[in-house]
Every structure is written in structure tokens, then in C-alpha cells.
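Basis for what follows: all heavy atoms, side chains included, without hydrogens, waters or symmetry-related copies. Computed from a predicted structure; not experimentally measured. Sequence lines set the chain letters: A, B, ... in the order given, protein chains first and strands last, and positions in each chain run from 1.
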There are 2 protein chains.
Amino acid sequence: MGIRAQQKEKTRRALVDAAFNQLSAERSFSSLSLREVAREANIAPTSFYRHFKDMNELGLTMVDEGGLTLRQMMRKGRQRAEAGGSVIRISVDTFMEVLDSNPNVFRILLHERSGTSAAFRAAVAREIEHFISELAHYTEATAGRTPMLARAQAEALVTLVFNAGASALDMKRADRKVLADQLVMQLRMVAKGAEALQHKVEHR
Amino acid sequence: MGIRAQQKEKTRRALVDAAFNQLSAERSFSSLSLREVAREANIAPTSFYRHFKDMNELGLTMVDEGGLTLRQMMRKGRQRAEAGGSVIRISVDTFMEVLDSNPNVFRILLHERSGTSAAFRAAVAREIEHFISELAHYTEATAGRTPMLARAQAEALVTLVFNAGASALDMKRADRKVLADQLVMQLRMVAKGAEALQHKVEHR
DNA sequence: TAAATTAGCTTACAGTTGTACGCTCAAATG
DNA sequence: CATTTGAGCGTACAACTGTAAGCTAATTTA
């Protein structure tokens, strides 16, 4: 890669990082202005356009990076689960760890999931869909669930996990532990309940 | 009430209504400007201050009205449930009906629940807490749940319901029906699962 | 009835926003 | 080496924001 392309990539990175760094509990992506991001990245406002068409494009890039984090998390969870132990517990712990070390990645995913931009919502939904279908496939295979039941169960699990994640973002470590324990309990409820419903279908 | 107070109340109402009317899938409360709201309500921007200290105060008023809607919904659900039938089914149907006729009330609740203003988040959480504790109390009483289990179950139910509500907001009637059916299934999972966990605790 | 109150208005201002335009000068190209 | 390319910059502007100040006219109070 030439010197020029290298420098350009660096500046682009600076913009993305600047945007991520400005996110917080009090500051959502949609409240960031192009000028603020450019300021934080130490470039002139108008130079922003050399890298992104507008703030929307920047945001979608960030959501994509969030998807990457999500997939890395899945891989990590699967690896740990292979070693044995409660799949639910392992998954929750992994989730909380990744959440803890990438808070702002989750902030944009969790916030824009129900945000005001259709494009954003679609992008986040697409990333989360990986999760859901992987989970649904998993329970179909290992627990012999009906596709419909598997889907409903997977969506419920993901809803509960992401919702807990949103709450956990603004919590201290101690409260987070309580939350994680409750989440494990809720996920077990869904798993047990899905099993019961499955049996009901079978015995008829 | 004097003529003056009456007129003032009318204008205040116009402001609140103007704000509610500007909400949509593409427009969140936090993206509304004071001037836009004043314009829609047909008053001068500066007259806004005769009624609210700032946009924040308007927003909190709207959340309060959302709480009112929620409580009316609970009452309606309880009444219908008394007549017999599946409590879960009745609750979901009631929820969907109320959602359908007050979309913007739910928009502000669902959006600001995970918004960027701590005051808003707290206000919404307070309103939803009614729901959760009422539900927890209900399952403790009728199904003899452990307080801890009852709480976890109630939070799971509410999470699933509100999450489905957020999705339902932008759906056509047909898709909404599918969603409602899946939601019922998920709620049954949680209920069945909580029961199973309860028995596990008891048999030891 | 005279005085006080106040909802709503107009005017005004400083700050911020997105973005159009044209320049520079270092890197890439041929 | 001569030419082209393009990342980053400064200037500029129109649109919008929140809100301060002071006026008006109708209602309320005493």
C-alpha cells in the first residue's frame, strides 16, 4: 500500500475512532455532528467528505464493525463451550466480558437497533440475525426442536440477552453480576419452557 | 377555572399534542427542536417558555402521560382476564390493541427507555416498574413463586412484551398478528420454564 | 374602577450546523 | 522528469438553533 493510501486509511480510522469515543450513556450517534467528529479527529470539517458521503455512511461503517465484534464473540463462546460446562452460563459470561471491553460498540448496536433511521435498524437487525439463526439451528440440532419453536426460542433468548446488555452498560461491576445471574435464570426459563412446549406438541 | 387558566391549559395541550404528532418511526423526541414544536402548536417560539422550562420538561410530561396509558392498559387487561380465558393471550391482545391506538405514546416510552437522558430513562423505568412488580406479585400469589423467581420471570415477560411492541410499531396488521402469536409462545415458554425451575427448588 | 398580572408576540443575537468552492502541495503516474 | 491526482485546508454562506428583552392587551385582583 502506497504512502498516500496508508495516510488516508489512518485518517479514516481516526474518524471512526473519534465517533466511537464520543459515544457514552449521554451521547448517542445520532446526536453527534459531522463537525464534532471532525474536530475530535483533528481534521477540517470539509475533509470529512474525503472519507464518507455523510454521517450516515460513517454510522453504517460503525455498525459493521459492531457486527464483526459480535461474530468474534460467538466464536469465543463456542470455543469455551467445547470445553464443557453450562452453555448458558458460558454464553452469558462471554457476552458480559465482550460488552465490558467494547462498551461503545454495543452502545451503537443497542441504540440504533430501535433508532430513527431505517437503514441503521436494518443493518443492526442483519447483524443480530446471525445470532438468532445460529442459535435456532443449534437448538434444532441438539434438542430436536420444531423450526417454529426453535425460532421463537432463539429470538426470546437474544432479546433477553441484548436487553440485559443495554442495562448492564451503565452498571458497576457488582450490579452487573446480579444482572448476569438473573439473566442466566431467565434464559434457563426459556430453555426449560421450550422443552415443555416441545413435548406437548410431540405427545399428540 | 378562569378564562385565562383555561386558555393557558389549551395552549399547553397544543404543545404536548404537537410534540406527540411529530413523533414517528423516523423522528424521535430528542430530534425535535423547541421551535418545531412551537411552530406545530401555532405559537411563537419564545411563548414555549410560558409552559415548560425547556424541551426536557415537555418530554417528561409526555412520559408521564405514557405511564397513564400503561396503567389504563393494565386495568383493561385485568377486567378482560376476569371473564376467563388464557391470561397470556388476553394480555398480549390488549397490549397490541392499546399499542395500535397510541403508537406515539409507545414510541416515546420505548425509545427513551434506552435514550441518552438519565432523567428520561429513570422516568420510563419508573413507569415500567409498575408493570413488573404487579406481574411479580401476581405470580407469587397465584403460582406460589419464590420472590426471586417471580421477579426474574416478571422482568423476562415485560422485556419480551415491550421488545415485541417496539417491533410491532412499524408493522402492518398481518405481520403484527404473526408477531403476537410468537410473543404468546415466548411468554408461555417463560411461564412453563419458571414453573419447572420452581419445582426444582421445591424438591430439595 | 384602578392597578397588577401574565400569555403571547416581535425583534434581536450569538452560536452551531452542513456543505459549496477553490487552493495547496506531496505522492503517484507514465 | 513532467504531469496528474487527491487529501486536507480555509473561507464563506445560508439555515437553523435556543433564548434574552421588552411590548401589548386582556384578564384578574383589590
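- Backbone-only contact: B/Glu36 has heavy atoms under 4.0 Å from sugar-phosphate atoms and none from a base.
- Distance from the side chain of B/Gln7 is smallest to C/dG8 among D/dG18, D/dA7, C/dG8.
- Following rounding to the nearest Å, B/Lys10 (NZ) and C/dA7 (P) show an atom-to-atom distance of 16 Å.
- Between A/Arg176 and A/Asp181 there is no salt bridge, since no side-chain nitrogen of the basic residue lies less than 4.0 Å from a carboxylate oxygen of the acidic one.
- Residue A/Thr11 places at least one side-chain N or O under 4.0 Å from the OP1 or OP2 atom of D/dG8.
- Toward the 5' end of DNA chain C, the nearer of the two residues A/Gly2 and B/Lys8, judged by each one's closest nucleotide, is B/Lys8.
- A side chain to side chain donor-acceptor pair (under 3.5 Å) with B/Thr11 holds for exactly one of B/Lys8, B/Gln7, B/Glu9; it is B/Gln7.
- Taking atom CG of B/Asp54 as the reference point, atom C1' of D/dT17 lies 14 Å away to the nearest angstrom.
- One atom, NZ of B/Lys53, and another, P of D/dA20, lie 12 Å apart when rounded to the nearest Å.
- When heavy atoms are screened at a 4.0 angstrom cut-off, A/Arg39 is found touching the sugar-phosphate backbone but no base atom.
- A salt bridge is defined here as a Lys NZ or Arg NE, NH1 or NH2 lying under 4.0 Å from an Asp or Glu carboxylate O, and A/Asp93 with A/Lys76 fails to meet this definition.
- Regarding B/Phe48, its CZ atom lies at a distance of 14 Å from the C1' atom of D/dT17, rounded to whole Å.
- Picking from C/dT5, C/dC21, C/dC9 the nucleotide with the shortest atom distance to the side chain of A/Thr46 gives C/dC21.
- The residue among B/Leu32 and B/Met1 whose nearest nucleotide of DNA chain D is located toward the 5' end is B/Leu32.
- The B/His51 side chain lies nearest to C/dG8 when the options are C/dG8, D/dG18, C/dC9.
- Of the listed nucleotides (C/dA27, C/dT19, D/dT28), C/dA27 has the atom at the smallest distance from the side chain of A/Ile3.
- The base of C/dT16 has none of its N or O atoms less than 3.5 Å from a complementary donor or acceptor on the side chain of A/Arg35.
- Among the nucleotides C/dG18, C/dA26, D/dT17, the one closest to any side-chain atom of A/Arg4 is C/dA26.
- Atom-to-atom, CG of B/Leu15 to P of C/dA7 comes out at 13 Å; the value is rounded to the nearest Å.
- Nearest heavy atoms, A/Ile132 versus A/Ala154: O-CB, 3.5 Å.
- Side-chain proximity of A/Arg50 to the nucleotides C/dG22, C/dT17, C/dT5 is greatest for C/dG22.
- Atom-to-atom, CZ of B/Phe52 to C1' of C/dA7 comes out at 14 Å; the value is rounded to the nearest Å.
- The phosphate of C/dT17 has OP1 or OP2 within less than 4.0 Å of a side-chain N or O from A/Ser33.
- When each of D/dT19, C/dT19, C/dA28 is scored by its nearest atom to the side-chain atoms of B/Leu34, the top-ranked nucleotide is D/dT19.
- Side-chain atoms of A/Ser33 come within 3.5 Å of backbone N or O of A/Glu36 as a donor-acceptor pair.
- Distances shorter than 4.0 Å separate some side-chain N or O of B/Ser47 from OP1 or OP2 on C/dC9.
- By the 30° and 60° cut-offs, the orientation of the rings of B/Phe162 relative to B/Phe106 is tilted.
- When the P atom of D/dG6 is taken as reference, atom CD of A/Glu9 falls 17 Å away, rounded to whole Å.
- In this structure, A/Gln6 reaches neither bases nor backbone, as no heavy-atom distance under 4.0 Å exists between it and the strands shown.
- Between the P atom of C/dT19 and the CD atom of A/Glu57 lies a distance of 12 Å, rounded to the nearest Å.
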